[in-house]
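Here is the naming used below: chain letters follow the sequence lines, and residue numbers restart at 1 for every chain. The figures here come from the full heavy-atom set of this structure, side chains too, leaving out hydrogens, waters and symmetry mates.
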Amino acid sequence: MSLKLYNTLTRTKEEFVTIEPGKVRMYVCGPTVYDKAHMGHAMSALVFDILRRYLVFRGYEVTYVMNFTDVDDKIIKRANESGEDPFVLGQRLIDDYKQNLVDLNILPATIHPRATQEMEGIVEMIQDLINKGCAYAVDGDVYFRVEKDADYGKLSHRNINDMQAGARIDVDERKEHPMDFALWKSAKPGEPYWGSPWGNGRPGWHIECSVMSREHLGDQIDIHGGGNDLIFPHHENEIAQTESVTGKPFARFWMHNGMLQLNGQDMSKSTGNLVRIEDFLRDHSGDVMRMIVLNGSYRGPMTFTDEVVAQAEKALERMRSALKPALPGAEGLSEADTREFHDALFNAREEFVACMDDDINTAGAVGKLFDLVRTINQARDRGANAEQIAFGQAGLLELTGVLGLTLAVEDKSAGNPASDYIDLLLELRAEVRQRKLYDLSDLIRNRLKALGVVIEDSREGSSWHFE
RNA sequence: GGCGACGUGGCCAAGCGGCAAGGCAAGGGUCUGCAAAACCCUGAUCAUCGGUUCAAAUCCGAUCGUCGCCUCCA
């Protein structure tokens, strides 16, 4: 069995072969930090976190780089509007984003480079491109010469001429070709700048990623990822820049996640059609968003609605149902049931891997996990003992762990001053039930339910939890 | 105009040539004093039309619809 991944470059699923055996170098485009991150960013970060975790599960040593683009026109604009220093703004938003990642249980990147800390390399690379005839300076700006790049457009599968037709933005007359893009922009008064052979200025949008991936991962990498809105122009231009300098293919696999849809349209910072990560996490655990992402395919558009969120919450509850302990006094499964149980566990794992190997088919993989949940719950009902249940749960938890689900229950009762009183009510209710005063015991249950406290009775007693 | 994605039961969504996974919701049942949970059972011929094939949700063509990129966006 081998892992296959969809490659935007070839538009096919290809067998995943790394440059260096056993090692994966991957670079994922992080956010431009001019505003707080929204759930679309969360989706992208989760998709590549899941990919990364699976690669590790498959035995690869993964070097994962996620950058921050912290110098950009919009950052400057936003900073000017609020009067905040652009660097302070960027730093604040980077800190916020990192906290978002932690809250979403996303593993920290091996390296989190920032554009502003790579200026020397950026200037060098631009100079390199000029020296090679791939770029030219005009009045303090530097542009990439797309006509010099024979295979420009190979990622987005377009050619320069087709795009000219739709280019309805004002074309800078100083450019040799309308599609030429900026590598360096001269600074206007009041803007932050860095020194360069072409005068004070700042890098254009795409060059920083070319530089950072090369700096931290080398000329050639295994995977380059990001949202599919980055295919053009961002990633196309990264390829043009990097390959023009190195003369070698840049990334083997270009992987792109689909967009998260809110109200039938992409979440987008520019249109304000979004839900911020921090707002979402106020009401939901990180697992919930992860479950939403897992339930779909990463390449297509993903539906994000209140109903989907609620469904994901319930799906998680179901998954956790398998984590409940064995029934008290369980005598253990019969030999035949034990064998069946073990076979089911083994098969679920095999099928899980088969799904994930097929271009990270998380929806299929999660389906297998729910099969496993049923298997475990069945075993419990059939009297599996603690050891047997724990064995099954360990198998489930290993795989949910690969997907990055914590399955943690938010213990809202811990430290809640009401807890002691609720415990007391349950004690009383137990006594009431002993005396078969069921109308009273039901009254307690109903009243607590109305207050958000759910009581569950079993042979061994009652338990409660907050909704 | 160019490039692309998508349309599967009430909702979310796998499957991509061989009798349609899974989750949520719904209905019936087992268990329970009742309830909850768990378990069991029930439901779709896959936008439309045409073609290829022994066989299509899965391939080809057309049509309709939705969304996206070509300008900053994960």
Inset, instruction - Would you indicate what A:G258 reaches in the nucleic acid, counting non-hydrogen atoms under 4.0 angstrom: base, sugar-phosphate, or nothing? - result: base
Inset, instruction - Write down the distance separating the C1' atoms in B:rC31 and B:rA38, rounded off to the nearest Å. - result: 9 Å
Inset, instruction - Tell me what A:R158 touches on the nucleic acid: a base, only sugar-phosphate, or nothing, going by heavy atoms under 4.0 Å. - result: base
Inset, instruction - Indicate, with a heavy-atom threshold strictly under 4.0 Å, whether A:Y438 touches base, sugar-phosphate, or nothing. - result: base
Inset, instruction - Scan A:R299 against the nucleic acid and name what it touches under 4.0 Å (heavy atoms): base, sugar-phosphate only, or nothing. - result: nothing
Inset, instruction - Report yes if a side-chain nitrogen or oxygen of A:S458 is closer than 4.0 Å to either non-bridging phosphate oxygen (OP1 or OP2) of B:rA36; otherwise report no. - result: no
Inset, instruction - Please work out if A:Q265 contacts a base, only the sugar-phosphate, or nothing of the nucleic acid, heavy-atom cut-off 4.0 Å. - result: sugar-phosphate
Legend entry - With sequence neighbours excluded, residues passing side chain to side chain contact (heavy atoms under 4.5 Å, CB included) with A:D381: none
Inset, instruction - Hey, can you tell me if A:H206 and A:H234 have their rings parallel, tilted or perpendicular (30° and 60° cut-offs)? - result: tilted
Inset, instruction - Pick base, sugar-phosphate or nothing for A:D72, based on heavy-atom distances below 4.0 Å to the nucleic acid. - result: nothing
Legend entry - A:R78 charged N/C atom sitting above A:Y34 aromatic ring, 6.0 Å / 45°: no
Inset, instruction - Look at all strands and tell whether A:D73 reaches a base, only sugar-phosphate, or nothing, counting heavy atoms closer than 4.0 Å. - result: nothing
Inset, instruction - Respond yes when some side-chain nitrogen or oxygen of A:K269 is under 4.0 Å from OP1 or OP2 of B:rA74, and no when none is. - result: yes
Inset, instruction - Look at all strands and tell whether A:I292 reaches a base, only sugar-phosphate, or nothing, counting heavy atoms closer than 4.0 Å. - result: nothing
Inset, instruction - Looking at every strand, decide which applies to A:I231 at a 4.0 Å heavy-atom threshold: base, sugar-phosphate, or nothing. - result: nothing
Inset, instruction - Would you indicate, yes or no, if B:rC39 has its OP1 or OP2 atom less than 4.0 angstrom from a side-chain nitrogen or oxygen of A:N377? - result: yes
Inset, instruction - Determine the contact category for A:L369: base if any of its heavy atoms lies under 4.0 Å from a base atom, sugar-phosphate if only primed atoms, P, OP1 or OP2 are that close, otherwise nothing. - result: nothing
Inset, instruction - Pick base, sugar-phosphate or nothing for A:M319, based on heavy-atom distances below 4.0 Å to the nucleic acid. - result: nothing
Inset, instruction - Using a 4.0 Å heavy-atom cut-off across all strands, classify A:A363 as base, sugar-phosphate, or nothing. - result: base
Inset, instruction - Just call it for A:G40: base, sugar-phosphate, or nothing, with non-hydrogen atoms closer than 4.0 Å on any strand. - result: base
Legend entry - Set of ring pair (Phe, Tyr, Trp, His ring centres under 6.0 Å) partners for A:F48, sequence neighbours left out: none
Inset, instruction - State whether the distance check finds a donor on one side and an acceptor on the other, under 3.5 Å, for side chain A:R433 versus base B:rG33. - result: yes
Inset, instruction - Examine B:rG4: is either OP1 or OP2 under 4.0 Å from a nitrogen or oxygen in the side chain of A:R11? Give yes or no. - result: yes
Inset, instruction - Establish, with yes or no, whether the OP1 or OP2 oxygen of B:rC40 is under 4.0 angstrom from a side-chain nitrogen or oxygen of A:R374. - result: yes
Legend entry - Close side-chain approach of A:M289 to A:H284, heavy-atom, < 4.5 Å: no
